[in-house]
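The basis for the numbers below is simple: all heavy atoms, side chains too, and nothing from hydrogens, waters or symmetry mates. Both counts, for ligands and for their atoms, begin at 1 and track the order of listing.
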Amino acid sequence: MSATESVMLLRLWNLLVAVSATSMAITIPLQLVLGYTPGSPLLAFDWMITILFAVDILVHIARPLVLQEQPSQLRTLTLNYLKGWGLVDAIATLPWYWLFGVPLLDLLRFAKLLRVAQLLHQRRRGAVQYNPIFRLSRFVFWFGLSAHWLACGWLALHTLATDKPEMTQYLHALYWCVTTLTTVGYGDVTPTTDAQKVYTMVVMVLGVGVYGYVIGNVANLLANIDLAKAHYLSTMERLTTFMKYRHIPPPLQQRVYDYYTYLWENRLGYDESAVLSELPPTLRTEVSLLLKRDFIEKVPFLKGASYELIRELALELRPVVYTPGDFIVHAGEIGRHMYFISHGTVEVIAADAKTVYGTLRDGDFFGEIALLYSQPRTASVRALDYCDLYTLDKDTFTHAISRYPEFATHMQNMAQKRREEQPPDSPNRPDTVQ
Ligand code: CMP
């Protein structure tokens with residue numbers, strides 16, 4: 001089994017354990033209130049969960065092996081688990097009621113909920129894009145569970161009526177609890193005994209906290225439900241105000257809008273370079289290689305290239321976008337970058353601005369002649385549609401030429417071929433430049 005498959009399997013297992021822990025947190029208080037009736041399905045469920053939690057301890061001990069950790073670390077990892085979470089898991093696994101005959105001791109098994117909290121915490125880090133939805137679901141989860149516990153507490157303070165089904169009485173208690181917690185308080189269910197009155201006051205105070213949390217957070221959560229979109233919309237608003245204030249002509253305004261819309265549709269408006277620059281070097285290399293994998297596969301000469309060259313290019317290539325009609329390179333200007341086409345079409349136009357040397361597409365590159373021969377651009381290059389390009393600066397280009405012979409040979413051959421296609425009297429042809 002591959003490492004990725006093992007991780008997926010462990011995640012599924014953790015999910016199963018989390019669901020079981022939640023069900024246990026529901027059934028134990030119910031059994032405490034209704035009594036541990038022999039032969040009840042709740043009891044069978046209790047034993048099933050006990051077995052599952054016991055297996056979970058074994059899974060955690062075997063976890064380093066499954067994840068193919070270093071053999072030298074196996075002992076330390078197992079010992080760490082047994083001294084930390086292992087204890088929590090053991091407390092949650094033991095059937096306390098059956099061992100000591102004290103029903104309340106079964107509440108110790110709630111320790112497993114700490115695992116659920118840990119799991120939710122881990123999932124939160126992985127769910128950045130859906131963070132608000134995730135936070136909302138987490139709130140609903142804990143609110144639901146707390147309401148259930150408080151409803152069981154309310155039931156415990158009552159003498160259960162024998163003429164009404166247990167389910168109806170539980171629903172009645174839950175109804176009281178939700179109306180009190182949310183500060184709605186219809187007043188149709190009221191406390192009668194002293195204990196109930198004290199309990200109601202506690203729940204009312206808790207209710208104020210819950211209400212404050214809901215008002216303070218839910219509005220904020222809903223407003224940020226799609227952070228990327230909110231960022232895009234605020235950028236567009238700022239742009240509109242700026243362009244109106246500076247009287248930018250409408251056609252140019254349209255091109256600016258089109259550019260941002262393209263960025264939003266293709267990259268959710270994220271600046272790849274900025275995200276990468278915040279990562280530590282090893283992670284940056286890995287993520288860069290992954291992000292540029294599709295592009296690297298399109299460039300024919302990189303297919304057989306060494307890993308070092310590909311890694312260096314992946315780290316140094318910077319993404320840029322040009323809109324249709326943009327001049328990317330002007331004949332005669334000084335060249336500081338060369339360009340690789342990730343997606344799009346460009347046309348190469350001679351210095352006379354009439355002759356078209358050809359069109360270049362995905363996987364092609366241009367702008368190498370000026371860097372190779374340290375001379376002005378020999379032609380202009382114009383974007384024919386939206387072009388996703390990667391630029392390579394002159395220093396990295398020169399370094400790659402001196403370090404990787406395959407890169408140097410390919411660049412020189414291509415430059416040579418392109419030069420030969422240019423007319424002999426072309427103003428910036430390398431052999432005509434003094
Ligand atoms: P450079 O001179 O730096 O800038 C213009 C680029 O156009 C040039 O590098 C080449 O990459 C490219 N180019 C020049 N001539 C041709 C051609 N005949 N066919 C394709 N591309 C060309």
Quiz item: Does ligand 1 have an atom under 4.0 Å from some heavy atom of Gly358?
Solution: no
Pick one of side chain, backbone, both or neither for how [X] approaches ligand 1, counting any non-hydrogen atom pair under 4.0 Å.
X: Arg377; answer: both
X: Val348; answer: side chain
X: Gln422; answer: side chain

Practice problem: Would you mind running through ligand 1 and noting each atom that sits below 4.0 Å from a heavy atom of Phe366? | Solution: 11 (O)
Quiz item: If you count the atoms of ligand 1 from 1 in the order shown, which ones are under 4.0 Å from a heavy atom of Ile369?
Solution: 1 (P), 2 (O), 3 (O), 8 (C), 9 (O), 10 (C)
Exercise: do [X] and [Y] side chains pair donor with acceptor under 3.5 Å:
X: Tyr262; Y: Asp388; value: yes
X: Gln422; Y: Arg419; value: no
X: Tyr390; Y: His337; value: no

Please determine if [X] has a nitrogen or oxygen closer than 3.5 Å to a nitrogen or oxygen of ligand 1.
X: Leu371; value: no
X: Gly367; value: yes
X: Tyr357; value: no

Quiz item: Do the numbers put Arg115 on top of the ring of Trp85, so that NZ or CZ is under 6.0 Å from the six-membered ring centre and no more than 45° off the axis?
Solution: yes
Quiz item: Relative to Phe340, does Arg361 satisfy both conditions: NZ or CZ under 6.0 angstrom from the six-membered ring centre, and within 45 degrees of the ring's axis?
Solution: no
Exercise. Would you confirm whether the ring centroid of Phe407 sits within less than 6.0 angstrom of the ring centroid of Phe397?
Key: yes
Exercise. Please test Tyr259 against Trp264 for ring pair (Phe, Tyr, Trp, His ring centres under 6.0 Å), starting from the C-alpha separation and ending with a verdict.
Key: CA-CA 9 Å; Tyr259 168 76; Trp264 162 249; over 10 Å; no
